[in-house]
Amino acid sequence: MDPQHFALLEEAQRIAPKSMKVEYTDGTIIMQASPSALHELNLTKVRSQFDLHTPRGTVPIGNIDLVSPSVAMSRNPDLTYLPEEELGTTSGKIPAELALIAVEIVSKSNPENDWTGKLRDYPLMHIPLYLIVDPRQKTVALFSEPENGRYRSREDADFGENIHIPDPFCFILDTGALRPY
């Protein structure tokens with residue numbers, strides 16, 4: 001990442017209200033307002049299922065910066081799972097390649113960020129699984145097998161259907177409790 005861009009990102013994070021998410025991709029700083037209660041409810045319902053299948057030594061983390069200096073990106077997923085031993089730092093920036101998954105609940109105000117920007121960035125950042133829950137469309141999509149800057153595999157489900165979450169979690173995600181916007 002260009003040192004000037006990194007300095008600009010740090011300044012944006014410093015001055016942004018605590019309720020704002022600040023991300024960096026493709027030369028652009030993205031700032032988003034805090035999510036809605038329904039967004040957080042859906043995230044809680046997804047997380048509660050993942051938590052039952054969390055690999056040993058791994059913990060769930062929300063709203064932490066996953067950084068990938070080699071591709072000049074900083075993204076902040078709604079939920080990720082990281083090795084606990086890597087979190088013994090006061091830095092809010094964690095190497096993206098340590099993430100086991102990125103989970104995003106699509107916002108009503110900026111769906112392109114999850115469906116376009118993060119779908120482009122997460123495989124470049126070597127995040128092996130990307131789960132998109134879209135309450136607008138009542139769908140869930142799981143992307144996996146990152147290769148050559150894109151995900152090779154995609155599985156889709158409508159709310160009410162199940163979707164298989166592969167290793168290292170290895171379980172069936174029940175989407176029946178998710179709520180549309």
Side-chain angles (χ1 to χ4, degrees), residues 21 23 25-26 30 32-66 68 71 73-83 94 96-181:
K21 277 184 160 185
E23 300 175 314
T25 180
D26 201 27
I30 301 165
Q32 285 189 286
S34 292
S36 69
L38 190 52
H39 175 283
E40 292 301 292
L41 176 63
N42 282 327
L43 183 60
T44 298
K45 291 184 178 295
V46 169
R47 179 181 166 172
S48 67
Q49 292 182 64
F50 270 90
D51 284 352
L52 296 173
H53 305 279
T54 301
R56 182 179 300 280
T58 304
V59 295
I61 300 289
N63 295 314
I64 195 161
D65 292 330
L66 298 179
S68 188
V71 291
M73 293 176 188
S74 173
R75 287 301 201 158
N76 189 308
D78 291 327
L79 176 64
T80 190
Y81 285 78
L82 295 163
I94 301 294
E97 64 271 9
L98 297 175
L100 300 182
I101 189 170
V103 177
E104 300 288 356
I105 309 297
V106 175
S107 73
K108 283 176 88 171
S109 62
N110 190 8
E112 296 80 19
N113 190 38
D114 297 323
W115 278 110
T116 304
K118 291 182 180 183
L119 185 54
R120 175 195 64 227
D121 294 349
Y122 285 156
L124 291 169
M125 298 170 78
H126 305 287
I127 297 174
L129 301 171
Y130 177 30
L131 182 70
I132 302 176
V133 177
D134 193 337
R136 301 164 317 122
Q137 298 179 24
K138 300 182 226 164
T139 61
V140 177
L142 177 70
F143 295 87
S144 60
E145 301 176 33
E147 184 179 286
N148 298 322
R150 67 178 189 85
Y151 288 110
R152 292 177 356 123
S153 181
R154 175 178 177 166
E155 183 179 346
D156 294 283
D158 291 328
F159 280 15
E161 298 176 340
N162 294 334
I163 194 164
H164 177 258
I165 307 298
D167 286 337
F169 300 95
C170 199
F171 75 100
I172 302 297
L173 178 71
D174 177 5
T175 67
L178 298 174
R179 309 253 289 295
Y181 291 140

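Note that this is a predicted model, so its numbers are computed, not measured.
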Discussion item. Looking at every non-hydrogen atom in both residues, tell me the closest pair between Asp167 and Leu129 and how far apart they are.
Written reply: O-CD1, 4.0 Å
Practice prompt. State whether a side-chain donor-acceptor pair under 3.5 Å links Asp134 with Tyr181.
Written response: no
Practice prompt. Could you give me the CA-CA distance, side-chain angles and deciding distance for Leu52 and Phe171, then say whether side chain to side chain contact (heavy atoms under 4.5 Å, CB included) is met?
Written response: CA-CA 9 Å; Leu52 296 173; Phe171 75 100; over 6 Å; no
Fill in: Heavy-atom closest contact (Pro135 atom, Asn42 atom, distance)
CG-ND2, 3.6 Å
Worksheet item: Of all heavy-atom pairs between Ile61 and Ile64, which one has the smallest distance, and what is that distance?
Response: CG2-CG2, 3.4 Å
Worksheet item: Any sub-3.5 Å donor-acceptor pair from Thr80's side-chain atoms to Ile101's backbone N or O?
Response: yes
Worksheet entry | Atom of Asp174, atom of Asn162 and distance for their closest heavy-atom approach | CA-OD1, 3.4 Å
Worksheet item: Hey, does Leu131 have a side-chain heavy atom less than 4.5 Å from the side chain of Leu173?
Response: yes
Discussion item. Counting only heavy atoms from other residues, nucleotides and ligands, does the tally under 6.0 Å from CZ of Arg179 exceed 12?
Written reply: no
Worksheet item: Heavy atoms, side chains only, cut-off 4.5 Å: are Leu100 and Phe169 in contact?
Response: yes
Item to complete: Side-chain contact test, heavy atoms from C-beta onward, threshold under 4.5 Å: evaluate it for Glu104 versus Tyr130 and give yes or no.
Response: yes
Worksheet, complete the sentence: Heavy atoms of Gln49 and Lys45 approach each other most closely as NE2-O, 3.5 Å
Worksheet entry | Glu97 backbone acceptor or donor facing Ser68 side chain under 3.5 Å | no
Worksheet item: Would Asn113 and Arg75 satisfy side chain to side chain contact (heavy atoms under 4.5 Å, CB included), going step by step from the backbone distance to the final call?
Response: CA-CA 10 Å; Asn113 190 38; Arg75 287 301 201 158; 2.8 Å; yes
Practice prompt. Please tell me if the side chains of Val140 and Leu178 come closer than 4.5 Å, counting only heavy atoms from C-beta onward.
Written response: yes
Worksheet entry | Leu79 and Pro60, any side-chain heavy atoms less than 4.5 Å apart | yes
Practice prompt. Please report the shortest heavy-atom distance between Asp78 and Ile105, naming the atom on each side.
Written response: OD2-N, 2.7 Å
Worksheet entry | Non-hydrogen side-chain atoms of Pro77 and Tyr122 separated by less than 4.5 Å | yes
Fill in: Heavy-atom side-chain contact between Leu142 and Pro166 under 4.5 Å
yes
Worksheet item: Thr175 side chain to Gly160 main-chain N or O, any donor-acceptor pair under 3.5 Å?
Response: yes
Fill in: Pairs flagged by ring-ring contact (aromatic ring centres under 6.0 Å, His included) wherever residues 148-167 is involved - sequence neighbours left out
none
Fill in: Close side-chain approach of Asn110 to Trp115, heavy-atom, < 4.5 Å
no
Fill in: Working for side chain to side chain contact (heavy atoms under 4.5 Å, CB included), residues Ile132 and Val106
CA-CA 7 Å; Ile132 302 176; Val106 175; 3.4 Å; yes
